[in-house]
Asks: 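Sharing a structure, written as structure tokens. Questions coming.
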Amino acid sequence: MDYMEWFSLGLLLVLIELFVPGVYLVWFGLSAFSTGVLILYHDLTAIEQSIVFGLFSVAFAVVGWFVYGRVIKCRKIADQYKHLNDPAGGLIGKTYLLTEDVTDGRSKAQIGDSVWIVECKDGLKKGDKIRIIGVENGVILKAEQA
């Protein structure tokens, strides 16, 4: 491939990024552009071009990983959206009633249209109010008496 084909591939990958959800093709597009620039100044075989493209791809993927990691870490998320895709996390701080007596530190609570397993201290009875204070493995709710 000559440098124009690498530039075309890079442009195609960056344009596809506009239509495909995610943010990873742009890094491969930049790798193709970089390979094209290198081939513009050095004559490389097809195998060497493939290796160079692969190395550039790994390098740009690592750069992208760090860039987006920093963006996500610095981004403030409103409390109302904090547990948008975490239904169990959205229950933290809310109060519910136990549907069974606590046995060996576990019971069940009716939450919405389903029953959730709740871990709390022994001695609580059916109908007692509990407040959710945490989640374990997205399934078991940690609770205390409300």
Side-chain angles (χ1 to χ4, degrees), residues 1-100 102-122 124 129-146:
M1 291 175 57
D2 68 345
Y3 71 95
M4 284 306 288
E5 290 171 328
W6 282 107
F7 288 163
S8 299
L9 177 64
L11 181 63
L12 178 67
L13 289 170
V14 171
L15 289 175
I16 290 174
E17 183 70 43
L18 295 173
F19 302 105
V20 176
V23 286
Y24 60 92
L25 288 178
V26 69
W27 302 110
F28 294 109
L30 291 174
S31 299
F33 283 129
S34 301
T35 304
V37 169
L38 186 67
I39 289 173
L40 185 61
Y41 296 108
H42 299 286
D43 189 26
L44 300 175
T45 66
I47 298 292
E48 292 170 336
Q49 290 178 21
S50 299
I51 291 171
V52 167
F53 176 70
L55 292 174
F56 277 138
S57 295
V58 169
F60 277 110
V62 170
V63 167
W65 186 66
F66 281 113
V67 167
Y68 289 116
R70 182 169 293 265
V71 167
I72 289 171
K73 188 183 285 186
C74 294
R75 197 167 151 205
K76 300 281 184 191
I77 299 173
D79 287 338
Q80 67 185 12
Y81 301 119
K82 189 173 183 180
H83 298 291
L84 182 63
N85 292 321
D86 180 17
L91 301 175
I92 295 174
K94 295 183 180 174
T95 305
Y96 299 99
L97 298 176
L98 290 177
T99 58
E100 296 179 359
V102 177
T103 307
D104 295 327
R106 285 197 175 185
S107 182
K108 294 180 181 177
Q110 181 77 31
I111 300 174
D113 61 350
S114 60
V115 177
W116 288 72
I117 298 172
V118 178
E119 280 189 354
C120 50
K121 66 179 183 175
D122 287 328
L124 296 176
K129 284 188 175 185
I130 56 163
R131 183 176 28 264
I132 308 302
I133 57 172
V135 178
E136 181 180 308
N137 298 328
V139 178
I140 300 172
L141 303 175
K142 304 283 189 176
E144 65 183 9
Q145 189 169 9

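No hydrogens, no waters, no symmetry mates; every other heavy atom, side chains included, goes into these values. FYI, the numbering just counts along the sequence from 1.
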Asks: Would the number of heavy atoms belonging to other residues, nucleotides or ligands and lying under 6.0 Å from CZ of Phe7 be above 12?
Replies: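 For Phe7, atom CZ is crowded (more than 12 foreign heavy atoms under 6.0 Å).
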Asks: Which atom pairs, one a donor and one an acceptor, fall under 3.5 Å between side chains of residues 56-70 and the rest of the protein, sequence neighbours left out?
Replies:
{"unit_1": "Ser57", "atom_1": "OG", "unit_2": "Phe53", "atom_2": "O", "d": "2.8"}

Asks: Taking all heavy atoms of Tyr24 and all of Val20, pick out the closest pair and write down the distance.
Replies: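 Closest approach of Tyr24 to Val20: OH-CG1, 4.1 Å.
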Asks: Okay, side chain of Glu119, backbone of Gly105: is any donor-acceptor separation there less than 3.5 Å?
Replies: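 Side chain of Glu119 to backbone of Gly105: no pair is present.
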Asks: For Ile47, I'd like to know if atom CD1 has over 12 heavy atoms of other residues, nucleotides or ligands within 6.0 Å.
Replies: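 Atom CD1 in Ile47 is not crowded, with 12 or fewer foreign heavy atoms closer than 6.0 Å.
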Asks: Which atom names give the shortest non-hydrogen contact between Tyr3 and Ile39, and what distance separates them?
Replies: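 Distance-wise, the nearest heavy atoms are N-CG2, 3.9 Å.
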Asks: What heavy-atom pair brings Ala143 and Ile130 nearest, and what distance separates the two atoms?
Replies: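 The pair with the smallest heavy-atom distance is CB-CD1, 3.9 Å.
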Asks: Tell me whether Gln110 contacts the main-chain N or O of Gly112 through its side chain, where contact means a donor paired with an acceptor under 3.5 Å.
Replies: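 The answer is yes, because a donor-acceptor pair under 3.5 Å joins these two groups.
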Asks: What are the two closest non-hydrogen atoms of Glu100 and Ser107, and how far apart are they?
Replies: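 Between these two residues, the closest heavy atoms are O-OG, 2.7 Å.
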Asks: For a side chain to side chain contact (heavy atoms under 4.5 Å, CB included) check, start with the C-alpha distance between Leu91 and Val135, then their side-chain angles and the critical distance, and finish with the verdict.
Replies: CA-CA 9 Å; Leu91 301 175; Val135 178; over 6 Å; no
Asks: What pairs with Glu136 under side-chain hydrogen bond (donor to acceptor under 3.5 Å, both in side chains), at least two apart in sequence or on another chain?
Replies: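 Scan of Glu136 (side-chain hydrogen bond (donor to acceptor under 3.5 Å, both in side chains), adjacent residues dropped) gives Lys142.
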Asks: For residues Ile140 and Arg106, report the shortest heavy-atom separation together with the two atoms involved.
Replies: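 Nearest heavy atoms, Ile140 then Arg106: CD1-NH2, 3.1 Å.
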